[in-house]
Amino acid sequence: MSFRRFASLAMVSICFLAVYHIRQGDLNSHLDVPTVHEDYRQRLGTAREADTRPHSKTLGVGRIYAIGFPDRVLQQEEMTRLACALDIDLTWHNGTNYRDENVPIIIERVRWWRDTHGVHSTAKNKFKFEWSDDIHEEGPLGLQGADLWTEPLAASGLPELPPPPVQDRRPPLHTIYGEDGFLPDRVDAKLVAHWKTHYDVLRKIAEGKDEVAIVLEDDIDVEWMLENRLKRLLPALPSEWDVLMLGHCSSKETDLNPLPSNPFLHPSTNPRCTTGYAVTRGSAQRLVRRLRTPAFAFSRPIDRAFAHIIELQRRPPKNAKPGMHFFSVYPPVVVHRYTSRNDTQVERLEDSTRERMELEGPMHTD
Ligand SMILES: *[C@@H]1O[C@H](CO)[C@@H](O)[C@H](O)[C@H]1NC(C)=O
Ligand SMILES: *[C@@H]1O[C@H](CO)[C@@H](O)[C@H](O)[C@H]1NC(C)=O
């Protein structure tokens, strides 16, 4: 008899003994204790409708995008192993590398846009932020705003810019933050590449066929029961939900009370990191239209951009149209893999898939 089988039989016997004692005890003699069958726990495990739904290779959503980089081979292998562990299919999306040829072009365009629109001007007619006119439109996205910055000049209709000076003594290009507690930083190649990567995958979702998609970065760990968790979490979201942050790092995502429908769902207030999130197709469109607004594009790290959009929803300026509804799972079900253990500062998983993988040893392939 294998150990596992022995152990499960032993558990069943212990269950039986306990119930037998309860039935015999005086205290419980008045209780009508039902006969317990061996498979009681097994049957409980399938009592809910969601329990018997067949396993979904895409975790119950239309598609899971994994952001990869051709030069991060190790991370791609690790993600593939994680996908095997969960028995899920990943759709790879090539992210923008910070050395990508478009990155310095985008940085020059941000500088150009700010200069030509007096963003940093101290004059009386100070720059007033506005979203692009189309942010509440629906239908084809076309190419607009910051999309044009990486188009060929002739097609974009934009003026040609001189190349950046070899010895760049221009004032540094800073991020613009409207959110609480974060200080401006540089708009650098990594920030731009990270933004472009998520923008591109959101655009794929916006123009794709999936009603809901999940985006995962390539250095993550996830809850072992992720599929089960999502089965409960997604239906508990209000119908107008836009984005569900499956993970976040060092964020106080419990500032607002959880939803009555599920104690692990909180309206998001200030998420950090973009390790994993679910988004609807319509919401991906709404995000694309916001993220490509020239005054907003590449203005801050992408997670700060999400935080800013959330802030506008929570404290909308006068006459603002409806904003976007972000929610966070707390505790997170997706975390950065290297911070998933021992670090008391970060949010950890209850039951780490990677920990199980390490305990089990190398994957057998035959
Ligand atoms: C990602 O880039 C690599 C190398 O350039 C290429 O071989 C691969 O087909 C690309 N994958 C996707 C999904 O575009
Ligand atoms: C975590 O802490 C334990 C106990 O201090 C230690 O044995 C273990 O090696 C640590 N793990 C990692 C990944 O640092």
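Just so you know, ligand 1 is whichever comes first in the structure, and atom 1 is the first atom listed for that ligand. We're numbering straight along the sequence, starting at 1. Remember, it's a predicted structure, so these values are computed and weren't measured experimentally.
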Legend entry - Minimum-distance protein heavy atom relative to atom 5 (O) of ligand 1: P70 CG, 4.3 Å
Inset, instruction - Take atom 11 (N) of ligand 1 and look for protein heavy atoms under 4.0 Å from it; say yes if you find one, no if not. - result: yes
Legend entry - Distance in Å, E217 CD paired with Q75 CD, rounded so as to fall on 0.5 Å steps: 11.5 Å
Inset, instruction - Examine distances only and state if a side-chain atom of Q76 and a backbone atom of F69 form a donor-acceptor pair shorter than 3.5 Å. - result: yes
Legend entry - Polar side-chain atom of S132 near backbone of D134 as donor-acceptor pair, under 3.5 Å: no
Inset, instruction - Measure from atom 7 (O) of ligand 1 to the protein's non-hydrogen atoms and state whether any distance is below 4.0 Å. - result: no
Legend entry - Proximal atoms of ligand 1 relative to W92 (non-hydrogen, under 4.0 Å): 13 (C)
Legend entry - Spacing of CD belonging to E223 relative to CG belonging to L349, to within rounding of 0.5 Å: 5.0 Å
Inset, instruction - Look at the side chain of T197 and the backbone N and O of T96, then say whether any donor-acceptor pair between them is shorter than 3.5 Å. - result: yes
Legend entry - Any N/O pair N94/ligand 1 closer than 3.5 Å: yes
